[in-house]
**Student:** 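Here's a structure for you.
So you know, we letter chains A, B, ... as the sequences are listed, proteins then strands, and number each from 1. Just so you know, these numbers come straight off a predicted model, no measurement behind them.
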Amino acid sequence: MLLDLRLTMESGQPPQFLWKREGSKYFRYINEKKCYLWQDKELHHTPGYDGYINEFLRAQDDLEEIYGKIATDPVMKRAVEKYRGLRITKNDPWETLVSFVCSINNNIPRICKNVQSLMHKGRILSPEELLSRDLEACRLGFRARFLKEIAEMMPSYDLTKIGRMDYEDAKAILMEFPGVGDKVSECILLFGYGFLEAFPVDVWIARAMERYYGVSGKNAREYARKRWGPLAGYAQQYLYCHIREV
DNA sequence: TTCCAGGGTGAGT
DNA sequence: ACTCACCATGGA
């Protein structure tokens, strides 16, 4: 499997918020047990997590094939060459939802701190646990109210069911949550549910689309859908790294 | 001091 | 449908 683990774990995707580094290894708790993940010549992980890691790293995605389909212009050719091995990750929907509500008008180092403050025993607090936590101490700013209201709504939603809907329906449901708008819903669809056609447009992607393709941020998603279609999410992640020079 | 960060909301056109 | 002030926090 073609993989650059560092790039994948530290390119602004959920694992950057949800996993921790310990030397050259990454780890998090899965079912109360510590799972390490690291790469030298090969990819290694704590025994017993084959299935989890395969899903997490989307092992079924053939990057060479994806490059062939999206790298149809000099910009994307350069991006997939420079960030070869960058994969889209598949994360837990609830943890992804919480993470990207924390990301609203925020920067990555502080998103990490906010998300970490919402974790206990290596996982994001359940909606119920979240409601009984002192959110003021988490320094979430105006995002605290969003999280509180989402947690209160959660009992009448089924996040698993959203994953079985089609892209449009899933997006409409997600946007019923306060704090979940156009961009955040796209992130949840992409990183939490694996809809590769999702194309989150943040300030960086808007910048990249203007600079590289002459497309305004407002028209970015429609342009991306026509250009990269079902693989827009991958194109997005390579553009994100490219414009930020990660 | 002002600007910015993987934006969303609501009120005003 | 579109704009825009405002939202809380902390680093540059």
Side-chain angles (χ1 to χ4, degrees), chain A residues 6-19 79 83 86-93 95-118 124 130 133-153 171-213 215-224 228 232-246:
Chain A
R6 185 198 64 81
L7 202 48
T8 300
M9 300 297 278
E10 301 181 31
S11 59
Q13 297 189 53
Q16 186 160 5
F17 319 135
L18 298 165
W19 291 63
Y83 299 104
L86 169 62
R87 307 185 74 87
I88 296 287
T89 58
K90 165 69 176 71
N91 304 267
D92 174 77
E95 293 192 330
T96 306
L97 169 56
V98 171
S99 295
F100 282 100
V101 169
C102 289
S103 81
I104 301 170
N105 195 224
N106 208 349
N107 56 58
I108 288 183
R110 223 171 76 82
I111 298 169
C112 290
K113 288 179 186 174
N114 286 159
V115 171
Q116 289 297 321
S117 75
L118 293 173
I124 291 281
L130 197 148
R133 164 155 303 202
D134 175 20
L135 295 183
E136 199 63 30
C138 297
R139 313 304 294 163
L140 295 160
F142 59 86
R143 304 164 196 86
R145 188 175 56 85
F146 290 148
L147 289 171
K148 184 175 182 302
E149 291 180 14
I150 291 171
E152 285 167 348
M153 292 166 69
K171 176 161 180 166
I173 302 288
L174 289 172
M175 286 186 64
E176 291 178 10
F177 295 113
V180 180
D182 203 18
K183 190 269 177 182
V184 170
S185 63
E186 293 285 316
C187 283
I188 301 168
L189 290 167
L190 179 57
F191 301 119
Y193 287 107
F195 287 94
L196 291 185
E197 66 263 52
F199 190 81
V201 181
D202 68 341
V203 291
W204 294 99
I205 292 297
R207 229 168 264 166
M209 293 301 282
E210 288 212 15
R211 182 180 304 173
Y212 303 137
Y213 297 97
V215 177
S216 74
K218 186 169 59 74
N219 297 324
R221 185 169 312 110
E222 192 194 348
Y223 183 89
W228 299 298
Y234 263 100
Q236 178 272 158
Q237 199 58 28
Y238 280 83
L239 275 180
Y240 181 78
C241 288
H242 194 38
I243 191 76
R244 292 193 48 149
E245 298 180 359
V246 172

**Student:** Tell me, please, the opening and closing nucleotides of DNA chain B, 5' to 3', among those with an atom under 4.0 angstrom from a non-hydrogen atom of chain A.
**Tutor:** B/dA5 to B/dT9

**Student:** Can a donor-acceptor pair be found, under 3.5 Å and without considering hydrogens, that links the side chain of A/Gln237 to the backbone of A/Ile88?
**Tutor:** no

**Student:** Rounded to whole angstrom, note down the P distance from C/dA5 over to B/dC4.
**Tutor:** 14 Å

**Student:** Touch check for A/Val201, heavy atoms < 4.0 angstrom, all strands: base, sugar-phosphate only, or nothing?
**Tutor:** nothing

**Student:** Counting only heavy atoms and a strict 4.0 angstrom limit, can you tell me which residues of residues 145-152 of chain A come near DNA chain B?
**Tutor:** none

**Student:** Applying a 4.0 Å non-hydrogen cut-off, can you work out what A/Ser99 is touching in the nucleic acid: base, sugar-phosphate, or nothing?
**Tutor:**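 Result for A/Ser99 = nothing.
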
**Student:** Would you say that A/Pro14 contacts A/Glu95 through its side chain, given a criterion of any heavy-atom pair below 4.5 Å between the two side chains?
**Tutor:** no

**Student:** Side chain of A/Arg143, backbone of A/Ile104: donor and acceptor closer than 3.5 Å?
**Tutor:** yes

**Student:** Which residue in the set A/Thr8, A/Thr96, A/Thr89 passes side chain to side chain donor-acceptor pair (under 3.5 Å) when paired with A/Gln13?
**Tutor:** A/Thr89

**Student:** Just wondering, do A/Phe146 and A/Leu140 contact through their side chains at under 4.5 Å, heavy atoms?
**Tutor:** no

**Student:** For nucleotides C/dG10 and B/dG8, find the distance between their P atoms and express it as a whole number of Å.
**Tutor:**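 To the nearest whole Å, 22 Å.
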
**Student:** Contact between A/Ile108 and A/Gln16 at the side-chain level, heavy atoms closer than 4.5 Å - yes or no?
**Tutor:**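 Yes, their side chains come closer than 4.5 Å.
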
**Student:** Sequence neighbours left out, what passes salt bridge (charged side-chain N to carboxylate O under 4.0 Å, His left out) with A/Glu152? Give chain and number order.
**Tutor:**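 Only A/Lys148 meet the salt bridge (charged side-chain N to carboxylate O under 4.0 Å, His left out) criterion with A/Glu152.
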
**Student:** With A/Asn219, which residues qualify under side chain to side chain donor-acceptor pair (under 3.5 Å), at least two apart?
**Tutor:** A/Ser216

**Student:** Is it the case that atom CD in A/Glu176 sees more than 12 heavy atoms from other parts of the structure closer than 6.0 Å?
**Tutor:** yes

**Student:** In B/S/- notation, 5' to 3', how is nucleotides 5-12 of chain C contacted by protein heavy atoms closer than 4.0 Å?
**Tutor:** --SBBB--

**Student:** Using a heavy-atom cut-off of under 4.0 Å over every strand shown, decide if A/Asp182 touches base, sugar-phosphate, or nothing.
**Tutor:** sugar-phosphate

**Student:** Is there a donor-acceptor pair closer than 3.5 Å between any side-chain N or O of A/Gln116 and the backbone N or O of A/Phe17?
**Tutor:**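 It does hold such a pair.
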
**Student:** Classify A/Gly179 by what it touches in the nucleic acid, base, sugar-phosphate, or nothing, heavy-atom distance under 4.0 Å.
**Tutor:**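 Answer is sugar-phosphate: A/Gly179 comes under 4.0 Å of backbone atoms only.
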
**Student:** Is the closest side-chain heavy-atom distance between A/Lys183 and A/Phe100 below 4.5 Å?
**Tutor:**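 Contact flag for A/Lys183/A/Phe100 side chains = yes.
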
**Student:** Work out how far the P atom of B/dG6 is from that of C/dC6, and round it to whole angstrom.
**Tutor:** 23 Å

**Student:** Between A/Arg207 and A/Val180, which residue's closest nucleotide on DNA chain B lies nearer the 5′ terminus?
**Tutor:** A/Arg207

**Student:** Hey, is the main chain of A/Pro178 close enough, under 3.5 Å, to the side chain of A/Arg145 for a donor-acceptor pair?
**Tutor:**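 Pair absent, no side-chain N/O of A/Arg145 close to backbone of A/Pro178.
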
**Student:** Which parts of residues 238-246 of chain A get close to DNA chain C, meaning a heavy atom less than 4.0 angstrom away?
**Tutor:**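 Those residues: none at all.
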
**Student:** With heavy atoms under 4.0 Å as the rule, sort A/Gln237 into base, sugar-phosphate or nothing.
**Tutor:** base

**Student:** Keeping A/Tyr83 on the side-chain end and A/Cys241 on the backbone end, is there a donor-acceptor pair under 3.5 Å?
**Tutor:** yes

**Student:** Would you confirm whether A/Lys90, through its side chain, and A/Phe191, through its main-chain N or O, come within 3.5 Å as a donor-acceptor pair?
**Tutor:**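 Not confirmed, A/Lys90 side chain does not pair with A/Phe191 backbone.
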
